2 protein chains.
Amino acid sequence: MTTPSLPAQPTVVLVDDHAMFRAGVRAEIADTIDIVGEAGSVAEAIATIRRLKPAVVLLDVHLPDGGGPAVLAAVLDELPAVRFLALSVSDAAEDVISVIRAGARGYVTKTISGPDLSAAIHRVAEGDVVFSPRLAGFVLDAFRDAGPGPVAPVDSELDQLTPREQEVMRLLARGYSYREIGGELFISIKTVETHASNVLRKLQLSSRHQLTRWAADRRIV
Amino acid sequence: MTTPSLPAQPTVVLVDDHAMFRAGVRAEIADTIDIVGEAGSVAEAIATIRRLKPAVVLLDVHLPDGGGPAVLAAVLDELPAVRFLALSVSDAAEDVISVIRAGARGYVTKTISGPDLSAAIHRVAEGDVVFSPRLAGFVLDAFRDAGPGPVAPVDSELDQLTPREQEVMRLLARGYSYREIGGELFISIKTVETHASNVLRKLQLSSRHQLTRWAADRRIV
DNA sequence: CCCGGAATCGGGGTCACGCCCGATGCTCCA
DNA sequence: TGGAGCATCGGGCGTGACCCCGATTCCGGG
């Protein structure tokens, strides 16, 4: 489906909110990559990609107004031929997973050298999936956990809780006292106690602090 | 005390762990700034600054092995003529405060434009203090809280705690109960209570959860 | 129509938490 | 020889957290 077949210089749009970083990337890879456009925000990126239809988008994960995933969500279905390579300072598992799930074809950190980045862009343009060695483990783990995956995102644990219990759970995890939660939800302390007790029992936890960690691990807070 | 008096191009050493970002900065400001050296790590930065004695050091706040403050701590007393301008992606108050307390003469975010950065470097070289407008509030607040402040640099907050109190603090922040801490440190619950009470009072906190957040913000846990 | 789940409260209790006193022994230093 | 700082304990007290019991109301379904 890719229009040409020559391994020539792929066209690239560069998305990063720091103009100075874009200048650095341009200086490093311009000799082997054809940078046809740049963008510094989510809206600008979407418009630029639609207009230029590049072979590859170099996409910063952390952007105002939704970050890289927001760009991907807006453009991916519309332009399936465009490949996205995430480029981020972060090597945190959640950043990697979020942008890969959103549809990126690769993820490299900004510590990468110019030649390596050029090579990665060429590979993504040709259909390969590219990851920094350090990140391979994250990706494998994530997809192993997600299983061969039906569509089920499964919050089987969260679904055990009634709506009201989930509400109380979130406030508990943030460290609110029973009194504060009662004030927030316009119910009495005793009701909060009941919900809290149910939450802890259903989640097989025994203290508020364990709940905090539980919620943090699942990014509920 | 500054050696020359000409407002010529100040000599600058550029410290950032991303070579690509350094390349971008260089491309943007090389016409009005004399970049005499670069470094990508704390150790390299210290050596380079000692060797080149630049007028200004452009210093990334987030570096492996201690970050910008570690560089400042090592070089500031030794080379008081060198001015440091912090350059960071972060506009978090704690980052600003930590590096300013460590001795930086200014703080700008990486969203700054090339010409603005050039101007900021010139101003710092001439002895001015430079802050991005958004950060002025943080700095003013911090120095208002800290009072007219003597020379006191350092982690004034952590240093208020005795060694034993710091030990207890870390366990408290992790959610250990007083009984568990006592078991861990081979002391009685009452002693743990004393230390815990001292910790909370010295840090001006009132609950274990606030301490958890306090420690998390400072990456102590 | 009655049964069960959900949500709302209450009384009672145990224990941890945080704070207020006090006391002892130790080391370091003027 | 003091005194200051640190670490170690104790009693007591008020409050919150968490659990056990029970109770009521509402609503939807067999």
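What you see is a predicted model; the values in this text were computed from it and never measured. Each chain gets a letter, A, B and so on, in the order the sequences are listed, and its residues count up from 1.
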Distance in angstrom units between [X] [atom1] and [N] [atom2], rounded:
X: A:Leu161; N: C:dA6; atom1: CG; atom2: P; value: 11 Å
X: A:Gln210; N: D:dC18; atom1: CD; atom2: C1'; value: 13 Å
X: A:Ile187; N: C:dA6; atom1: CD1; atom2: P; value: 16 Å
X: A:Ile181; N: C:dA7; atom1: CD1; atom2: P; value: 15 Å
X: B:Phe186; N: D:dC9; atom1: CZ; atom2: P; value: 12 Å
X: B:Ile189; N: D:dA7; atom1: CD1; atom2: C1'; value: 17 Å
X: A:His195; N: D:dC18; atom1: NE2; atom2: P; value: 15 Å
X: A:Leu185; N: C:dC9; atom1: CG; atom2: C1'; value: 15 Å

TODO: Show your reasoning for whether side-chain contact (heavy atoms from CB on, under 4.5 Å) applies to B:Leu59 and B:Leu87.
DONE: CA-CA 6 Å; B:Leu59 184 62; B:Leu87 182 63; over 6 Å; no
Starting at [atom1] of [X], measure out to [atom2] of [Y] and round the result to the nearest 0.5 Å.
X: A:Arg51; Y: A:Ile46; atom1: CZ; atom2: CD1; value: 13.5 Å
X: B:Arg22; Y: B:Met20; atom1: CZ; atom2: CE; value: 10.5 Å
X: B:Thr194; Y: B:Ile189; atom1: OG1; atom2: CD1; value: 12.0 Å
X: B:Arg170; Y: B:Ile181; atom1: CZ; atom2: CD1; value: 12.5 Å

TODO: Tell me, please, which residues at least two apart from B:Glu28 pass salt bridge (Lys or Arg N to Asp or Glu O under 4.0 Å).
DONE: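 Partners of B:Glu28 by the salt bridge (Lys or Arg N to Asp or Glu O under 4.0 Å) criterion come out as none, since no residue qualifies.
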[X]: what forms a side chain to side chain donor-acceptor pair (under 3.5 Å) with it, not counting sequence neighbours?
X: B:Lys190; answer: B:Glu193
X: B:Asp16; answer: B:Lys110
X: A:Arg179; answer: none
X: B:Glu44; answer: none

TODO: For the residue pair B:Leu117 and B:Val108, establish whether any side-chain heavy-atom pair is separated by less than 4.5 Å.
DONE: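 Yes, their side chains come closer than 4.5 Å.
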Open item on the list: I need a per-nucleotide contact map over nucleotides 15-20 of chain C, read 5' to 3'. Cutoff is protein heavy atoms under 4.0 Å; write B for the base, S for backbone only, - otherwise.
Closed with: -SSBB-
Task: Contact pattern, 5' to 3', of nucleotides 22-28 of chain C - B, S or - by protein heavy atom under 4.0 Å - done: -------
Task: A:Thr162 side-chain N/O to C:dA6 phosphate OP1/OP2 under 4.0 Å - done: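 No, A:Thr162 has no side-chain N/O under 4.0 Å of OP1/OP2 on C:dA6.
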Tell me, please, which residues at least two apart from [X] pass side chain to side chain contact (heavy atoms under 4.5 Å, CB included).
X: B:Arg26; result: B:Ala23, B:Ile35, B:Glu38
X: A:Leu200; result: A:Leu205, A:Leu211
X: B:Ser206; result: B:Gln210

TODO: Return the stems involving DNA chain D, sorted by first number, where pairs are Watson-Crick (N1-N3 with N6-O4 or O6-N4) or G-U wobble (N1-O2 and O6-N3), both under 3.5 Å, and runs are 3 or more long.
DONE: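 Stems for DNA chain D, defined as runs of 3 or more consecutive pairs: C:4-30 with D:1-27.
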- [ ] Answer with base, sugar-phosphate or nothing: what part of the nucleic acid does A:Thr191 contact at a heavy-atom distance below 4.0 Å?
- [x]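 Base contact.
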Report, one pair per line, the protein and nucleotides 27-30 of chain D atoms (nitrogen or oxygen only) whose separation is under 3.5 Å.
none

